[in-house]
Amino acid sequence: MILAVSMQGISKQYGSVQALGNVTFEVEKGTIHALVGENGAGKTTLMRALYGAMQPDSGSITVNGQAAHFHDSRAAIDAGIGMVSQHYGIIGELTNLDNLVLGAEGGPVLMKGSMEQRANELAASMGFEFDWAAESSTLSPAGGQKLEILKLLWRNSQIMILDEPTAMLSPQDSDALYESLKQLAANGATVIVVTHRIAEVFEHCRRVTVLRGGVKVADHDVADVKPEQLAEEIVGGTVIERPVPVSNERSNIRLRIDALSVRGSKGETAVKGIDLQVKSGQLVGIAGVDGNGQRELFHALIGVSKPMSGSFSFDGNQWDTEPGSTRILEGLRVIPEDRHDEGVIEEWSLYDNSALGLQRLPVFRRLTSAMKSEAPVMAEMFKTKHGNLSDSMGSLSGGNQQRFVAGRALRIDPQMILAFQPARGLDLNSTTKVYQEIRKACDEGACAIVVSFDLDELLDFCDRIVVMCHGHLSEPKPEEARDRAAIGRLMVGAE
Amino acid sequence: MVSFLLQIITMSAPLILMAMAGYMSERSGVINIGLEGKMLAGCFICAAAGAHFGAVGGLAFAILACIALSLLHWSLTQMYRIDHIISGMAVNLLASGFTGFMDSSGIWKTTLTDSQRLPLPMYYAIAVISPFLLFAMAGRTQFGLRHKSVGSDPDKARLLGIHPQRVRFSALIMTGVFAGLAGSLLVTETSGFTKEMTSGRGYIALAALILGGWRPIPATAACLLFGVAKAVQIRFSGTPIFNFDIPSEIWNMLPYIVTLLALAGLLGRNRTPAGLGKH
């Protein structure tokens, strides 16, 4: 067995937090190796150390048998290591060709002709096709991911790190991506995939390493381990089961959306005349690749933006003409996409944040005393880890802010729950708990719409799944309502 | 007609050089409202050094002084992470205060004889050529690509092994060179330094840069537009039009109104470098 990467005793401390503690990580050459763990387990930190983007406090790194000391990413790139970060390294303002060669231009003057020729050869070897002169902002998430892989090939990377490569892809695009990776591994490349999706590990990877709380918990040949065992190692205890979701839907329609169109931030029509009716008791998941109108639909429902045309009502109240504040009084509760910008005020205390957005509700009529009594309950609902409740919200980690925001949305009589990526930054079991609470509210007669880019998460918890693609809303046929492949086809507009 | 065209060139050339100074800085992600101050310092140093060391010395010192101010802005924003606007204001105040004080103190002579000036056509030639050179640099060279990338997303560029600070260092040296040229040109067109002689040209150049969407050639076109307005003002101010006397104040406003309207017409079309002001 030839080791492409060997990291020994890697430790890293950020302030009082031990991000990595004496981690050992070894990867065999020519394989696809999975690195799994919860949010905050240290996966990305470990990979940043390998990529030279972070210097560990202690430990040693060996690449292809040679000791490596990477002071910056340039040194790691020169040693044949390439990384595709979670948030994509593609700069939208540049052309595809510019993005491909950036940082590895091969000389002070750009030889566009020969560059394009080599670019086409690389693309052809992977079966990709690109318009090299187009701006990269026009790429789909799948196209961006393909360009990322070509970027690695352009740099002759022999060790490729991909951080959550499928987070934004449809199931079909994910499978295609892994086919490409397998082809690369067969040609001798070493691929490290950071992921939280256990299914991918078992379908596509040879070995798997588990991190938890900054410590290496286990190392397995994938063939020697069962999914249940892996999940327990990731969570560090028992995994809360996710039974098949059952709906307690009633006959009365609560939310009714008619021919709703909404403008996007660039002036385009982002939501194109969609119809949707949600009954009491339903938990509806909106599946789809990011940027297909989900955000704009939410903004219209919340009242952040005005629809171009169409209407929507809740319990017969014409919400599209009512101010957002009235919608909240009538039971609208939101877990927003971006908790920093839309969910909390970081300078405010947890007390103050507990009333944020809900301040008009009767509960908060006596504001100070209500905040004193509500804040602890909201924090406790999903076990938010916090210091004093009078500390600023900014002192909490992202995941804990998310717990608090979810608790606030579900605490006081929710009737219409809108949640955008509610699991963002949460661990496996907390995710389950948040969905369980949403389900409980629905069982009591509320209804909910959840947007997630993770189809498996929606399949785990939602009793009804609809798909948004290019601003259109579609619903799988009844017999295919829970068919991953069929929904995936709708997500990319293949049907 | 020829004199009118000449007037346009006279009015546009310093702006074009200033806009190129702004391009180098802002396209790399460094907001630069200190252009005005750099230009003013360039004017003063060119006049003072020109009177002592002759024509070439004047230009050389003006460029060096502008590079120094530019690198001051670089170190404040890139090393000490001070807000770009505040640092730019500091540069402006520093230049305004220093040149104003030196001018009224009379320590240094700041009037130029003919032999202490470089020929104007040289400056005009540079102003005409440089937008095309920068255009070629942006599209055809490694530096141009990296320059653009750090202005768009310094974090992503960093992950590709590019050092945004280093790229911006080089870019701001270029900013200094162009500002020095622009200041020298302005002084060369007159008999010497006068207090606040740039009268907002640095800001107008910045407006032209924004108008041109942070691209060298469209920014140059915007500078020419301003030059035309200015030339029209000079040509027609005081001349009755259709037997109607337009007050000179209105004529004086013309170039600024044109700039304002052009900027307003651009609202909603956003070409701002995404990494402007980011580290």
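Since the model is a prediction, treat every value here as computed from it, not as a measurement. So you know, we letter chains A, B, ... as the sequences are listed, proteins then strands, and number each from 1.
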Checklist entry - Side chain, backbone, both or neither: which part of L102(A) has a heavy atom under 4.5 Å from chain B? => result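 Both parts, heavy atoms under 4.5 Å.
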Checklist entry - Non-hydrogen atoms of chain B under 4.5 Å away: do they reach the side chain of A76(A), the backbone, both or neither? => result neither
Item to check | Flag if over 12 foreign heavy atoms under 6.0 Å of CZ, F132(B) | outcome: no
Counting distance alone, with no hydrogens or angles, which donor-acceptor pairs between chain A and chain B are under 3.5 Å?
unit_1  : atom_1 : unit_2  : atom_2 : d
Y51(A)  : OH     : L159(B) : O      : 2.5
D72(A)  : OD2    : H163(B) : NE2    : 3.4
Y88(A)  : O      : K156(B) : NZ     : 3.4
I90(A)  : O      : K156(B) : NZ     : 3.1
E93(A)  : OE1    : R27(B)  : NH2    : 3.1
E93(A)  : OE1    : S152(B) : OG     : 2.5
E93(A)  : OE2    : A274(B) : N      : 2.7
G103(A) : O      : R146(B) : NH2    : 3.3
E105(A) : OE1    : Q142(B) : NE2    : 3.0
E105(A) : OE1    : R146(B) : NE     : 3.3
E105(A) : OE1    : R146(B) : NH2    : 2.7
E105(A) : OE2    : R146(B) : NE     : 2.9
P108(A) : O      : Q142(B) : N      : 2.7
L110(A) : N      : R140(B) : O      : 2.7
K112(A) : NZ     : G139(B) : O      : 3.2

Checklist entry - At their closest point, which heavy atom of G161(B) faces which heavy atom of I77(A), and how far apart are they? => result N-CD1, 4.0 Å
